[in-house]
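Quick one: this structure, given as structure tokens, is what I'll be asking you about.
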Amino acid sequence: MNVTEAVTSRRSVRQFLDKPVDRSVLERVLETAQRSPSGGNTQPWNAVVVGGDELTRIADAIKAKVPAAPMGENMEYEIYPKDLDGRYEAQRRAVGKGMFDAVGLERGDSAGRIAQMAKNWDSFGAPVQLFTYTKKYMGPPQWSDMGMWLQTVMLLLREEGLDSCSQEIWAMYGTYMRELLGIGDDYVFFCGMAIGYRDPEAPINGFDVPRVALTENVKFLGL
């Protein structure tokens, strides 16, 4: 698989097969991903890779929190800006509609939509989670570096025939996630990433996720 194939075949997978992921494959991916770029070679990313009973423990602990705090508790950063508007907000809403339409959930089916979103806590059936965090004093450039590392990991997973779904939803309980993972108070929890093998028959893994035309967000000067 070349880079273009990895990029174009990567998507946020929301239903995985009941198939284990070999630890040696994950180690190979993460070892290669260490070559990701970062400003001043700071390499600000940190991660905990979790599976098996440990992943069940963490998922059960978060699910126990949700009924009393369905909108999150002690979030350490805003997942979306409060003033998100224009095409950015339109794109966010459109992908949500596409996802719910794919599984036949009408706009008024609040219970069904909540149940679908709750599948996040079971990693959509994936056997592995990669939880990412960084030092609290890190700024936007280092968060950008962390994003480049995550993208590199996702593309290398595709090369191995694996799939993923980045899940910032875990950050809704950021301080609690740090407690569950044994991460110190001088860090900020960023996100999870479900890792496994996609279910190719699941409709939720096949709906269209369009991208804007290049002319909408890129300009060429002097070329």
### Query
Is the charged tip of Lys65 near the ring of Tyr173: under 6.0 Å from the six-membered ring centre and within 45° of its axis?
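No, cation not above the ring by the 6.0 Å, 45° rule.
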### Query
Do Lys135 side-chain atoms and Pro44 backbone N/O form a donor-acceptor pair below 3.5 Å?
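Flag not set: sc Lys135 to bb Pro44 has no pair under 3.5 Å.
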### Message
For Ala102 versus Ile204, what's the shortest heavy-atom pair and its separation?
### Response
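Smallest heavy-atom distance, with atoms named: CB-CA, 4.1 Å.
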### Task
For atom OH of Tyr77, decide whether the heavy atoms of other residues, nucleotides or ligands shown that lie under 6.0 angstrom number more than 12.
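Atom OH in Tyr77 is packed in, count exceeds 12.
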### Query
Of the options Glu89, Arg87, Arg93, which is the one that meets Gln91 in a side-chain hydrogen bond (donor to acceptor under 3.5 Å, both in side chains)?
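Single pass found, and it is Arg87.
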### Query
Would a distance-only check, ignoring hydrogens and angles, find a side-chain to backbone donor-acceptor pair under 3.5 Å from Arg158 to Ser164?
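It does not hold such a pair.
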### Query
Does Glu159 reach the main-chain N or O of Ala6 with its side chain, forming a donor-acceptor pair under 3.5 Å?
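No: the side chain of Glu159 does not pair with the backbone of Ala6.
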### Message
Does Arg198 qualify as a cation-pi partner of Phe124, given the criterion of NZ or CZ under 6.0 Å from the six-membered ring centre and within 45 degrees of its axis?
### Response
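Cation-pi check for Arg198 and Phe124: fails.
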### Message
To the closest 0.5 Å, what do you measure between CZ (Arg113) and CZ (Arg107)?
### Response
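Arg113 CZ to Arg107 CZ: 6.5 Å, rounded to 0.5 Å.
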#### Entry: Atom pair CG (Leu223) and CG (Leu221), whose distance is rounded to the nearest 0.5 Å
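It is 8.0 Å, given to the nearest 0.5 Å.
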### Message
Does atom NZ (Lys97) have a neighbourhood of more than 12 heavy atoms from anything else shown, all under 6.0 Å?
### Response
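Not more than 12 within 6.0 Å, no.
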### Query
Among pairs that include at least one residue of residues 45-72, which meet ring-ring contact (aromatic ring centres under 6.0 Å, His included), considering only residues two or more places apart or in two chains?
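Sorted result for residues 45-72: Trp45-Trp149.
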### Task
Could you tell me whether a side-chain N or O of Glu31 sits under 3.5 Å from a main-chain N or O of Arg28, the two making a donor and an acceptor?
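Side chain of Glu31 to backbone of Arg28: no pair is present.
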### Task
Taking all non-hydrogen atoms of both residues into account, name the closest pair between Ala194 and Ala126 and its distance.
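Result for this residue pair: CB-CB, 3.8 Å.
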### Message
Taking Leu180's backbone N and O only, do any of them form a donor-acceptor pair with Arg57's side chain (distance below 3.5 Å, no angle check)?
### Response
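Yes, the answer is positive, given that a donor and an acceptor are paired below the 3.5 Å cut-off.
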### Query
Quick one: are Leu157 and Asp163 in side-chain contact, heavy atoms under 4.5 Å?
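No. Closest side-chain heavy atoms not under 4.5 Å.
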### Query
Would Trp143 and Thr134 count as a side chain to side chain contact (heavy atoms under 4.5 Å, CB included) if you check the C-alpha gap in whole Å, the side-chain angles of each, and the deciding distance to 0.1 Å?
CA-CA 8 Å; Trp143 280 67; Thr134 193; 4.0 Å; yes
### Task
Decide side chain to side chain contact (heavy atoms under 4.5 Å, CB included) for Val7 and Leu155; before the verdict, give the C-alpha distance in whole Å, the side-chain angles of both, and the deciding distance to 0.1 Å.
CA-CA 6 Å; Val7 171; Leu155 297 181; 3.9 Å; yes
### Query
Under the 6.0 Å and 45° cation-pi test, does Arg178 pair with Tyr133?
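Judged by the rule, Arg178 and Tyr133 form no cation-pi pair.
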### Query
Between Ile195 and Phe16, is there a shared hydrophobic cluster once you connect ILVMFWY residues whose side-chain heavy atoms come closer than 4.5 Å?
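No.
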### Task
Determine, step by step, whether Asp199 and Gln15 satisfy the side chain to side chain donor-acceptor pair (under 3.5 Å) criterion, reporting the C-alpha distance in whole Å, the side-chain angles of both residues, the deciding distance to 0.1 Å, and the verdict.
CA-CA 6 Å; Asp199 180 350; Gln15 188 165 326; 3.2 Å; yes
### Message
Is it true that, when you exclude Asp18 itself, more than 12 heavy atoms of the residues, nucleotides or ligands shown sit nearer than 6.0 Å to its CG?
### Response
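Atom CG in Asp18 is not crowded, with 12 or fewer foreign heavy atoms closer than 6.0 Å.
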### Task
State whether the side chain of Gln129 and the backbone N or O of Met193 hold a donor-acceptor pair below 3.5 Å, judged by distance alone.
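Indeed, once roles are kept as given, a pair shorter than 3.5 Å links the two residues.
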### Query
Can you tell me how far the CD atom of Glu201 sits from the CG atom of Leu17, to the nearest 0.5 Å?
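Result: 9.5 Å between the selected atoms.
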### Task
Might you confirm whether atom CG of Asp53 has over 12 heavy atoms from other residues, nucleotides or ligands at distances under 6.0 Å?
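Result for CG/Asp53: open.
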### Task
Check the surroundings of atom CD in Glu106: do more than 12 heavy atoms from other residues, nucleotides or ligands lie under 6.0 Å from it?
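It does not: Glu106 CD has 12 such atoms or fewer within range.
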#### Entry: Ion pair check, Lys119 and Asp122, cut-off under 4.0 Å
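The answer is no: the pair does not qualify as a salt bridge.
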### Task
Output the distance between atom OG (Ser36) and atom CD (Gln43), rounded to the nearest 0.5 Å.
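Separation between the atoms: 9.0 Å.
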### Query
In terms of hydrophobic clusters joined by side-chain contacts under 4.5 Å, are Met148 and Met154 together?
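No, Met148 and Met154 fall in different hydrophobic clusters.
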